Every structure is written in C-alpha cells, then in structure tokens.
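Some notes on the structure that comes next.
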Amino acid sequence: MTPDDVVKTLAPDPGPGLTPAAREMLAQIMDTAEPELSARRPRWRPLLALPIAAAVAAAGWSAIVVFGAVPASALDIKEEGDHYLIEVKDLYASPEVYETQLKDAGVDISLRVAPVTPSFVGEISTHTPDWNTGPFPYADKIKTIDRPKNCDFVDFGRSCPIGLTIAKDFTGKADILLGREARPGEEYEVVGMLNAPGEPMHCKPFLNHRVSEVRQTLAGLGLSIGEFSVKEPGERGADAELKTSVPDSMYVTGGALYEYGKASLIVSEQPMAEELRRTILGKYGCPVNDGSTS
C-alpha cells in the first residue's frame with residue numbers, strides 16, 4: 001500500500017495528488033504499513049481496518065429462520081435469502097461463545113469483538129491467513145450490516161447494531177475482528193489517525209497547530225493527552241522519543257487515540273511541509289485554510 005493509497009481510502013480525491021516530495025514525507029510521517037491488528041499500543045502506524053460496504057437494507061431484517069435467538073444468546077443469527085445475518089447482542093462475550101453459536105448455525109468463521117476508535121465501530125478487520133496484502137479475498141461473501149444513519153461515526157450509540165452478513169455458499173475460513181466502542185480503561189486494538197474522518201479531531205484545528213491549541217480542543221471533547229511522540233518531519237516513527245510532556249509551543253503533526261479518553265500526539269519543533277498538510281486535509285474532506293500557524 002502506497003502513501004497515496006492510504007490517503008485515497010479516506011476521502012474522494014480533490015486534486016492532482018501528491019508530488020514526489022510530499023509522497024516521501026507522507027511515508028515518513030505515517031510509517032506506511034499494511035493493515036494489521038495489534039493488542040499493543042500503536043507505534044505511529046495507523047492500524048487501518050478494512051471498512052467493507054454494508055449490503056443489507058434496514059427493511060430486510062425480517063427473518064425466515066432464526067438460530068439461537070434467545071435472550072441469553074451472544075449472537076442473533078438469522079437465515080435470510082442467500083446469506084446469514086448475524087447481529088452481535090453481547091458485545092463482551094468470549095470468542096468461544098461466538099464460535100459455538102456460529103458452528104451450530106453452520107457458519108465457518110472465527111469472530112472476536114474488540115475496542116476500536118470511533119471510525120471503525122461496526123467495521124471488520126481480519127487475520128485471515130491468505131489475506132496479507134491486496135483486497136480482502138471474501139469481500140463479496142462477508143460484509144458488515146447496515147446501521148441507522150444516526151449511528152454513523154460520532155453519532156453512534158450502544159443501542160446501534162453491529163454485525164455481519166455471510167453468504168451461505170462461503171467455503172473459506174476467516175478470522176474476523178468486529179469493532180465496538182471501548183469502555184473506560186480499555187486500549188484500542190484498531191485505531192485511525194486522530195483527524196481522520198469519523199475520529200474526534202476530523203476537520204478540527206490539528207495538523208501544524210500548537211500543542212496548547214490541540215490540548216484545549218481535545219479537552220472540550222472530553223479527551224486528554226496521555227503521551228507525546230517527538231520526532232522531526234522526515235524521521236521514521238522508530239526514531240521517535242516518547243514523552244509525557246512537551247512545550248506547548250511544539251507543532252502537532254499527527255496522533256491517535258490509544259486508550260479510552262486518551263490521545264497520543266506526534267509533535268515536532270518544526271511544522272510539517274505545507275503542501276503535505278494541505279494534501280492530507282483535502283483528502284480528509286476538510287478546508288485547507290484551518291488557521292494553521294505554518
């Protein structure tokens with residue numbers, strides 16, 4: 001996955017794209033990595049989950065056959081046409097509980113539900129053995145369910161359904177992680193960049209703004225800064241120095257939520273290149289003139 005590919009997944013292309021210099025800088029900032037999951041704290045690689053387009057209309061929830069649809073069930077598994085519709089009722093059940101219900105219904109996948117940052121709630125990621133790079137091989141067989149519009153991104157609530165649809169003729173094997181909201185004290189297993197669509201700082205003063213300004217904006221959202229990753233533009237993430245405090249005058253060049261209510265910011269003495277800042281904001285669908293001090 002190239003830097004352009006990473007950014008293009010986030011918003012429609014508003015212009016000609018990155019110049020070679022900006023492309024190199026973006027790679028250095030994002031430490032461009034293939035999609036991955038990790039139980040560890042993010043090390044400044046945005047862990048890009050695989051958002052798979054929902055394919056089940058809200059009107060199609062009437063079931064013909066219901067498996068295990070009892071109050072104690074962790075999953076509500078329904079047979080509908082040529083696919084199974086699986087809604088997660090217990091977001092905190094063990095994978096073994098999910099596996100038992102899925103096997104009883106004849107669905108051959110492993111499912112785990114884990115805390116993710118806001119833009120990935122209700123989306124799926126996978127550790128499927130034969131999917132390391134390139135498109136998800138079962139995108140036509142395994143999809144997320146549609147949710148009401150008021151559940152999108154920051155407006156979602158715990159009452160909003162999350163789940164999957166799986167084609168009845170699916171014959172492969174897949175290890176699926178489905179994103180849910182985090183609870184206090186939980187670390188995120190899949191994260192998006194703090195200013196990406198659906199994340200708390202999307203289109204808010206962020207890139208090339210001073211730490212003091214970003215701190216104030218985060219506080220207004222009920223978020224605190226737990227740590228800072230200090231590195232100059234052009235350095236790799238592995239070269240960053242982790243600190244618990246930095247001068248308020250430093251520039252913010254990136255960041256992510258790593259734990260419920262806590263953000264980690266990438267900061268530098270120097271702002272990122274203006275061309276790169278404008279490109280990222282444009283790709284994220286945000287105004288490029290956001291009052292940055294650069």
Side-chain angles (χ1 to χ4, degrees), residues 3 6-7 9-11 14-15 17-19 21-32 41-48 117-119 153-154 188 191-237 239-294:
V6 172
V7 179
T9 64
L10 302 170
L18 296 173
T19 65
R23 185 177 297 109
E24 180 180 0
M25 181 69 76
L26 182 59
Q28 292 167 339
I29 288 175
M30 300 183 73
D31 273 357
T32 311
R41 187 173 295 185
R43 291 182 294 179
W44 300 119
R45 290 177 178 158
L47 307 183
L48 300 177
T117 57
S119 61
F153 295 144
V154 296
Y188 295 105
V191 307
M193 296 301 284
L194 196 54
N195 60 320
E199 297 296 330
M201 293 297 286
H202 181 235
C203 290
K204 292 181 172 61
F206 188 65
L207 295 178
N208 281 359
H209 286 261
R210 306 284 185 170
V211 167
S212 57
E213 183 179 3
V214 174
R215 188 196 308 276
Q216 183 176 1
T217 304
L218 287 170
L221 299 171
L223 302 170
S224 63
I225 303 172
E227 61 187 27
F228 299 87
S229 184
V230 182
K231 71 185 190 71
E232 295 304 310
E235 291 182 337
R236 304 294 297 184
D239 299 325
E241 180 181 3
L242 200 64
K243 294 186 176 183
T244 57
S245 65
V246 298
D248 280 349
S249 59
M250 295 190 79
Y251 294 94
V252 175
T253 59
L257 295 173
Y258 68 88
E259 182 180 319
Y260 180 92
K262 294 183 180 180
S264 184
L265 298 183
I266 306 173
V267 298
S268 171
E269 294 284 358
Q270 303 297 324
M272 68 165 59
E274 178 64 10
E275 178 190 8
L276 177 58
R277 186 191 71 85
R278 288 174 172 268
T279 298
I280 294 175
L281 290 177
K283 297 289 185 178
Y284 283 173
C286 301
V288 297
N289 296 317
D290 65 350
S292 168
T293 55
S294 64

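Here the structure is a predicted model, which is why all the values come from computation and not from measurement. All values below were derived from every heavy atom in this structure, side-chain atoms included, with hydrogens, water molecules and symmetry-related copies excluded.
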May I ask you to decide if [Y]'s main-chain N or O and [X]'s side chain share a donor-acceptor pair within less than 3.5 Å?
X    : Y    : answer
E259 : Y188 : no
H209 : V252 : no
R277 : P271 : no

Which residues satisfy the salt bridge (Lys or Arg N to Asp or Glu O under 4.0 Å) test with K243, sequence neighbours excluded?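 Partners of K243 by the salt bridge (Lys or Arg N to Asp or Glu O under 4.0 Å) criterion come out as none, since no residue qualifies.
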
For D239, which residues count as a salt bridge (Lys or Arg N to Asp or Glu O under 4.0 Å) partner, sequence neighbours excluded?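 Partners of D239 by the salt bridge (Lys or Arg N to Asp or Glu O under 4.0 Å) criterion come out as none, since no residue qualifies.
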
Listed partners of R278 passing side-chain hydrogen bond (donor to acceptor under 3.5 Å, both in side chains), at least two apart: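 Expected list: E274, N289.
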
Name all residues meeting the side-chain hydrogen bond (donor to acceptor under 3.5 Å, both in side chains) criterion together with E232; count only those two or more places apart in sequence or in a different chain, and write none if there are none.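 Once residues adjacent in sequence are excluded, the partners of E232 under the side-chain hydrogen bond (donor to acceptor under 3.5 Å, both in side chains) criterion are S268.
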
Quiz question: by atom type and distance under 3.5 Å, do the side chains of S229 and E241 form a donor-acceptor pair?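 Result is no, nothing qualifies.
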
Over all heavy atoms of both residues, which pair between [X] and [Y] is shortest? Give the atoms and the distance, please.
X    : Y    : result
V214 : P205 : CG2-O, 3.9 Å
G285 : C203 : O-SG, 3.9 Å
F228 : V211 : CE2-CG1, 3.9 Å
Y284 : M193 : OH-CB, 3.9 Å
A263 : L194 : CB-CD2, 4.1 Å
A196 : H202 : O-CB, 3.3 Å

Taking the side chain as everything from C-beta on, heavy atoms only, tell me whether [X] gets closer than 4.5 Å to [Y].
X    : Y    : value
R210 : Y251 : yes
I280 : N195 : yes
E213 : F206 : no

What disulfide (SG to SG under 2.5 Å) pairs are there with at least one residue in residues 239-281, not counting sequence neighbours?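 Of all non-adjacent pairs touching residues 239-281, none passes disulfide (SG to SG under 2.5 Å).
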
Side chain to side chain contact (heavy atoms under 4.5 Å, CB included) with P247: which residues, sequence neighbours excluded?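 Result, side chain to side chain contact (heavy atoms under 4.5 Å, CB included) vs P247: S249, M250.
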
Are D248 and R215 within salt-bridge range, i.e. N to O under 4.0 Å?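 Looking at D248 and R215, the cut-off is met.
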
With I225 as reference, evaluate L218, V267, T244 under the side-chain contact (heavy atoms from CB on, under 4.5 Å) test and give the passing residue.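 So, applying the side-chain contact (heavy atoms from CB on, under 4.5 Å) to I225 and each of L218, V267, T244, only L218 qualifies.
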
As a test of understanding, state which of T217, L223, L207, L257 forms a side-chain contact (heavy atoms from CB on, under 4.5 Å) with M201.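 Exactly one pass, corresponding to T217.
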
So for atom NZ, which belongs to K204, do other residues, nucleotides or ligands contribute more than 12 heavy atoms lying within a distance under 6.0 Å?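 Correct, the count exceeds 12.
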
Supply the atom-to-atom distance E199 CD to S119 OG, rounded to the nearest 0.5 angstrom.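 The distance works out to 3.5 Å.
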
